[in-house]
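Accompanying notes for the structure given below.
Order of the sequence lines fixes the chain letters, A, B, ..., with proteins taken first and strands second; residue numbering starts at 1 for each chain. Values in this document were obtained by computation on a predicted structure and should not be read as measured data. All values below come from the heavy atoms of this structure, side chains included, with hydrogens, waters and symmetry mates left out.
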Number of protein chains: 2
Amino acid sequence: MAGRTARAEQVSATRELILTAAERLFAERGVYAVSNRQVSEAAGQGNNAAVGYHFGTKADLVRAIARKHSEQIERIRTRLLAEIDDSDDIRDWVACLVRPVPEHLAALGSPTWYARFCAQVMTDPALHEIIVEESLSSGSLPQVVEGVNRRLPDLPADIRAERGAMARELILHICAERERALAENTPTPRATWHDTATGLIDAIVGMWLAPVTHPGS
Amino acid sequence: MAGRTARAEQVSATRELILTAAERLFAERGVYAVSNRQVSEAAGQGNNAAVGYHFGTKADLVRAIARKHSEQIERIRTRLLAEIDDSDDIRDWVACLVRPVPEHLAALGSPTWYARFCAQVMTDPALHEIIVEESLSSGSLPQVVEGVNRRLPDLPADIRAERGAMARELILHICAERERALAENTPTPRATWHDTATGLIDAIVGMWLAPVTHPGS
DNA sequence: GCCCGAGTCAAGCAGTTGCTTTAAACTCCT
DNA sequence: AGGAGTTTAAAGCAACTGCTTGACTCGGGC
């Protein structure tokens, strides 16, 4: 047990190497602009088919990257969910929705690549499904959404869904934009990931509480 | 003059053919998943290098597509800007920001591909710059942003920039999501592009007017 | 009215892709 | 201690990429 077999450690080490190399290259150059060969080489594998051996297709590699992170994010989310303990403040629930992502990015240290990676995958017609089932259908998220909805004023179901989608897009793409700015040494509106989350919570709460114009206007 | 030369018409016709074929393929399969060859073939050009001949690299083709649409969008925006005529209602100004995009999509008829195309290009590290300078730096947009800012309560410059970015991301990706849903025959929260715009305006105004939590919390 | 040049077509180029195959190196189990 | 099975390495494959080349078509200016 202690240290498992040396072989298994070696294997999971190269898997991890490939995973992080792929994530970096995908974020910097684009998922489809990078070949599996380049990923293998960047991971220090002389074997130019290492990606195929360990993961299969590029879609499988993308799924593996997404899963790795979404597990971490899920962990943070359940922790926050426990902390707010059925609070009545909608802000707390929105925080449960928002904070896991930027907090995860903060925990990764600098630089990070996951947000840019995720934004790309999310907008790609072929990969979109993958990341949805890997990140969005997991454990505690529906619980948080339900918690938010319960503390929300009466809204038609359609509007609820619409603003839920807005919150989702906002969280992802604002994080990706900040990550890009950090990578390019461009000024960012917020100093830390935590402050970024606070800004997102402010905005999303305001958005969710906004009055609804009847479409007949 | 009347009818120009028959030859020049033929040329601009095939250019247009390539442009729309590329837009559709890019939206449906992904910008990098489609080769210039495939675009040429889909445009009915026996010449497998037609894209290269008429446009150059793929980046140039993307720029051409973006320019074509952003000209139309710019036209709508200036029209709306004239209609609100220095209104004092912030809603009018936000409408000037939001409406041009969904209204342009509505004018294109169904189905459309531009929103999905745009969302992809916007998240791609290599193409991001292209569409920014082609769509966002154009004519009347800064004017609208300035108009919105003037009708906004006092906000720190950073927060202003942050929420501006949020509005931008929201408009683009919500339109892309609706377009995707339409293409897949999935239910959408709104029946029309106009209603979608109304929902976006509600949300963005609410977001912009939301109180700002001091990051010290 | 005839030749020039822009536009189209078709074939071919070297380079790269994903994937398969074969060989070597290594750990693990008996 | 050695055979077995797995991981890495390296080479090779057909398919496809962008790009160039040369022949053909045809409208327009001298």
Side-chain angles (χ1 to χ4, degrees), chain A residues 1-26 28-65 120-121 124 126-127 130, chain B residues 1-23 25-26 28-65 120-121 124-127 130:
Chain A
M1 298 301 157
R4 221 80 116 284
T5 67
R7 182 57 162 236
E9 262 183 13
Q10 171 72 8
V11 170
S12 73
T14 70
R15 270 184 62 106
E16 202 63 28
L17 235 48
I18 292 175
L19 241 37
T20 61
E23 185 181 320
R24 194 187 74 236
L25 289 179
F26 287 170
E28 287 176 350
R29 302 188 207 166
V31 173
Y32 280 105
V34 175
S35 68
N36 288 353
R37 260 183 155 87
Q38 292 173 318
V39 172
S40 294
E41 286 170 10
Q45 301 296 301
N47 181 7
N48 61 20
V51 168
Y53 181 83
H54 284 282
F55 295 96
T57 74
K58 179 171 288 190
D60 295 326
L61 178 54
V62 166
R63 170 175 280 115
I65 297 173
Q120 270 182 71
V121 172
D124 186 281
L127 304 175
I130 292 178
Chain B
M1 293 303 159
R4 225 81 113 281
T5 67
R7 183 57 162 241
E9 263 184 11
Q10 171 71 7
V11 170
S12 74
T14 69
R15 271 184 62 107
E16 202 62 29
L17 235 48
I18 292 174
L19 240 36
T20 61
E23 186 181 319
L25 288 179
F26 287 168
E28 287 176 350
R29 302 188 207 165
V31 173
Y32 279 104
V34 176
S35 69
N36 287 355
R37 258 182 156 87
Q38 291 172 316
V39 172
S40 295
E41 286 169 11
Q45 300 297 300
N47 180 9
N48 60 22
V51 168
Y53 182 82
H54 283 282
F55 295 97
T57 74
K58 178 171 288 191
D60 295 325
L61 177 55
V62 166
R63 170 175 279 115
I65 296 173
Q120 271 182 69
V121 172
D124 186 282
L127 303 175
I130 291 178

Is [X] near enough to [N] that one of its side-chain N or O atoms lies under 4.0 angstrom from OP1 or OP2?
X	N	answer
A:Ser35	C:dG18	yes
B:Tyr53	C:dT8	no
A:Thr14	D:dT8	yes

Between [atom2] on [N] and [atom1] on [X], what's the gap in Å once rounded to a whole number?
X	N	atom1	atom2	answer
A:Leu17	D:dA9	CG	C1'	16 Å
A:Leu61	C:dG18	CG	P	11 Å
A:Arg29	C:dT16	CZ	P	13 Å
B:Asp60	D:dC19	CG	C1'	14 Å

### Task
Nearest-nucleotide wise, let me know which of B:His54 and A:Val34 is further upstream toward the 5' end of DNA chain C.
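Closest to the 5' end, via its nearest nucleotide, is B:His54.
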If we only count heavy atoms from C-beta on, is the [X] to [Y] side-chain gap below 4.5 Å?
X	Y	answer
A:Asp60	A:Ile130	no
B:Phe55	B:Arg15	yes
A:Val121	A:Phe26	no

Minimum-distance nucleotide (side-chain atoms of [X] versus [options]):
X	options	answer
B:Ala49	C:dC19, D:dA9, D:dT20	D:dT20
A:Asn48	C:dC19, D:dC19, D:dT7	C:dC19
B:Arg37	C:dG12, C:dT8, C:dC19	C:dG12

### Task
Report which part of the nucleic acid B:Asn47 touches: base, sugar-phosphate, or nothing (heavy-atom distance under 4.0 Å, all strands).
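The residue B:Asn47 makes base contact.
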### Task
Give the intermediate values and the outcome of side chain to side chain contact (heavy atoms under 4.5 Å, CB included) for residues A:Val31 and B:Tyr32.
CA-CA 9 Å; A:Val31 173; B:Tyr32 279 104; over 6 Å; no
